[in-house]
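Working notes, structure below.
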Amino acid sequence: MNILNNNKIVNCASAECLLPQFVDGNLSAREAWQLEKHLAECRNCSTKVDQLKQTIDLLHTASRLDTADDFMAKLHARLDVIDESANSVGTVPQRASLRELAATYLRMLRVPGVPIGVAIGAVAVLMIALIPNLKPAPGTITTSKPDAHISTVVEAQLAQTAADPLGDAAADQLVVHQNNAIPDSYNP
Amino acid sequence: MVAVGNTMHADFALVQRAKAQDRAAFNEIVLRYKSKVYNYIYRQVESAADAEDLTQETFVRAYLSINSFQSRASLNTWLFRIATNLCIDQGRKEKRSRSLLAPRSSDEDNYVEQEVPDSSFDPQELALNTELGTKLDAALRSLPEKLRTVILLYDIEGLSYEEISAILDCPLGTIKSRIFNARSAMRDKLAPYLQSIS
């Protein structure tokens, strides 16, 4: 901002631009000196500065009030209710309200990288939800009873390995889905 | 500066204890800040009862969310931020109820021309300190919310530009400009008294 023209305050408008810093004592020595010269010549501006300083003094001496005598008692009664309701749930007291948790979640979304993580998580959840609807590839063995199936497969593999110690063709075909894709009636 | 550092250190210790469910530590926080928060809210709302309620609410919210308090912020700033948000909500409620009872045009944008809503603005009466305090409070309450908030935080509660900027989530330049506008508006409102003593 070009306040001073050749180090001189040219008019009241430019002087007024310096007033905020002047009343707070934040002007450079040169600027303060220039402004004081202008104030000595301009009654209008000097009155404004005087009144501004008086206003600030008045604000600084504003009366201080205190809370009612029962303020602490009322507050602790409310805090007791909060603690009791948190404890009655039977869990570790969670002090953050639902609104605050939502706000925290929204703040997390503003952190670089977090939205990508959330997106990946959402895709993973969708995939988990969709996988049960996918048909198994031909030749794939699936079961809802992984333990029984594993022992069956291991026995078959041991038999094949005994017959052909250098080959392990059974391992190439071994795919185990530990889900509910095959009804319980399946009996390998 | 040392005192400020000591205060922040003591606040940090209290917050850590309060986070560990130490009610005595939270009690100490309330005792330290209740007067500052109450005075700030008192000049933002229309009645002492509302100010008392909102001060209670400020500390209840602080209690509920103490675990989310980031220690790099100052406790002072955090509490004033909670109080400011509550005052803004309250202001909206009051505005709605006023407009329902007696519709009137908004003067939020014309704060420079706005006068203290009191026809008995007599400089002689203002010689009494109590009366002067009442006029000062009336003038503050008649300021638009944005100007009132910054002048209360800066000139009455003594917060820095940076702290106010953090509380209101506004650029430093905006805060400085609002403070100057608020002071100028207050000067205009209190001009009869100021002229009488100059």
Side-chain angles (χ1 to χ4, degrees), chain A residues 1 16-24 26 43 46-87 92-105 107-108, chain B residues 19 21 23 26-27 30-31 34-39 42-43 48-49 51-53 55-57 59-61 63-68 129-130 132-137 139-140 151-152 154-158 161 176-177 179-191 193-195 197-198:
Chain A
M1 193 188 302
E16 191 145 353
C17 292
L18 294 173
L19 291 187
Q21 297 106 300
F22 182 70
V23 294
D24 280 338
N26 292 333
R43 184 172 171 77
S46 64
T47 302
K48 274 187 178 178
V49 170
D50 284 345
Q51 288 186 340
L52 200 57
K53 283 182 174 175
Q54 285 179 48
T55 303
I56 294 164
D57 287 345
L58 210 54
L59 287 163
H60 289 172
T61 57
S63 60
R64 304 295 296 179
L65 306 157
D66 205 0
T67 51
D69 291 341
D70 59 352
F71 179 87
M72 293 304 283
K74 279 184 180 173
L75 179 65
H76 281 291
R78 288 184 68 182
L79 300 185
D80 286 342
V81 171
I82 290 167
D83 282 348
E84 279 167 22
S85 63
N87 290 331
V92 176
Q94 285 293 316
R95 287 179 173 179
S97 66
L98 195 61
R99 188 176 169 185
E100 284 152 358
L101 287 173
T104 305
Y105 177 74
R107 274 198 299 276
M108 280 171 63
Chain B
K19 282 184 177 182
Q21 318 277 312
R23 179 74 81 81
F26 188 78
N27 192 56
V30 178
L31 289 173
K34 74 181 171 74
S35 178
K36 292 184 87 168
V37 171
Y38 176 71
N39 276 274
Y42 176 76
R43 292 186 168 92
E52 191 92 4
D53 288 347
T55 308
Q56 290 260 340
E57 191 60 30
F59 287 106
V60 166
R61 293 204 182 184
Y63 185 73
L64 286 167
S65 54
I66 191 84
N67 287 324
S68 68
N129 279 343
T130 50
L132 178 58
T134 307
K135 298 298 177 191
L136 183 71
D137 286 345
L140 281 166
I151 204 170
L152 288 176
Y154 189 74
D155 278 325
I156 295 188
E157 299 308 328
Y161 291 137
K176 288 179 181 176
S177 159
I179 288 170
F180 183 67
N181 288 337
R183 283 170 163 181
S184 299
M186 284 297 287
R187 178 191 59 196
D188 294 344
K189 288 170 189 296
L190 298 171
Y193 171 70
L194 300 173
Q195 280 166 358
I197 58 177
S198 62

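Naming convention: chains lettered A, B, ... in sequence-line order (proteins, then strands); numbering from 1 in each chain.
With salt bridges taken as basic N to acidic carboxylate O contacts below 4.0 Å, one links B:Arg183 and A:Asp24.
In this structure, B:Lys34 and A:Thr67 approach most closely via the heavy-atom pair NZ-OG1, 3.0 Å. Between B:Phe180 and A:Glu16, the shortest heavy-atom distance links the atoms CZ-O, 4.1 Å. Across every non-hydrogen atom of B:Arg23 and A:His76, the tightest pair is NH1-ND1, 2.9 Å.
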### B:Met186 vs A:Leu58, side-chain contact (heavy atoms from CB on, under 4.5 Å): CA-CA, chis, key distance, verdict
CA-CA 10 Å; B:Met186 284 297 287; A:Leu58 210 54; over 6 Å; no
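In this structure, B:Asn39 contributes its side chain and A:Leu65 its backbone to a donor-acceptor pair below 3.5 Å.
Using a 4.5 Å cut-off on side-chain heavy atoms (C-beta onward), B:Tyr63 and A:Leu75 make no contact. Contact of the B:Leu140 side chain with the A:Leu59 side chain is registered, since non-hydrogen atoms from C-beta on lie closer than 4.5 Å. Under the 4.5 Å side-chain criterion, counting only non-hydrogen atoms from C-beta, B:Val30 is in contact with A:Phe71. Using a 4.5 Å cut-off on side-chain heavy atoms (C-beta onward), A:Thr55 and B:Tyr193 make no contact.
Take B:Arg43 and apply the salt bridge (Lys or Arg N to Asp or Glu O under 4.0 Å) test, not counting sequence neighbours, and it matches B:Asp137.
Of the two parts of B:Lys36, the backbone and the side chain both hold a non-hydrogen atom closer than 4.5 Å to a non-hydrogen atom of chain A. Only the side chain of B:Leu136 comes within contact range of chain A, with heavy atoms under 4.5 Å apart. Contact of B:Ile179 with chain A is not made at all, since no heavy-atom distance falls under 4.5 Å.
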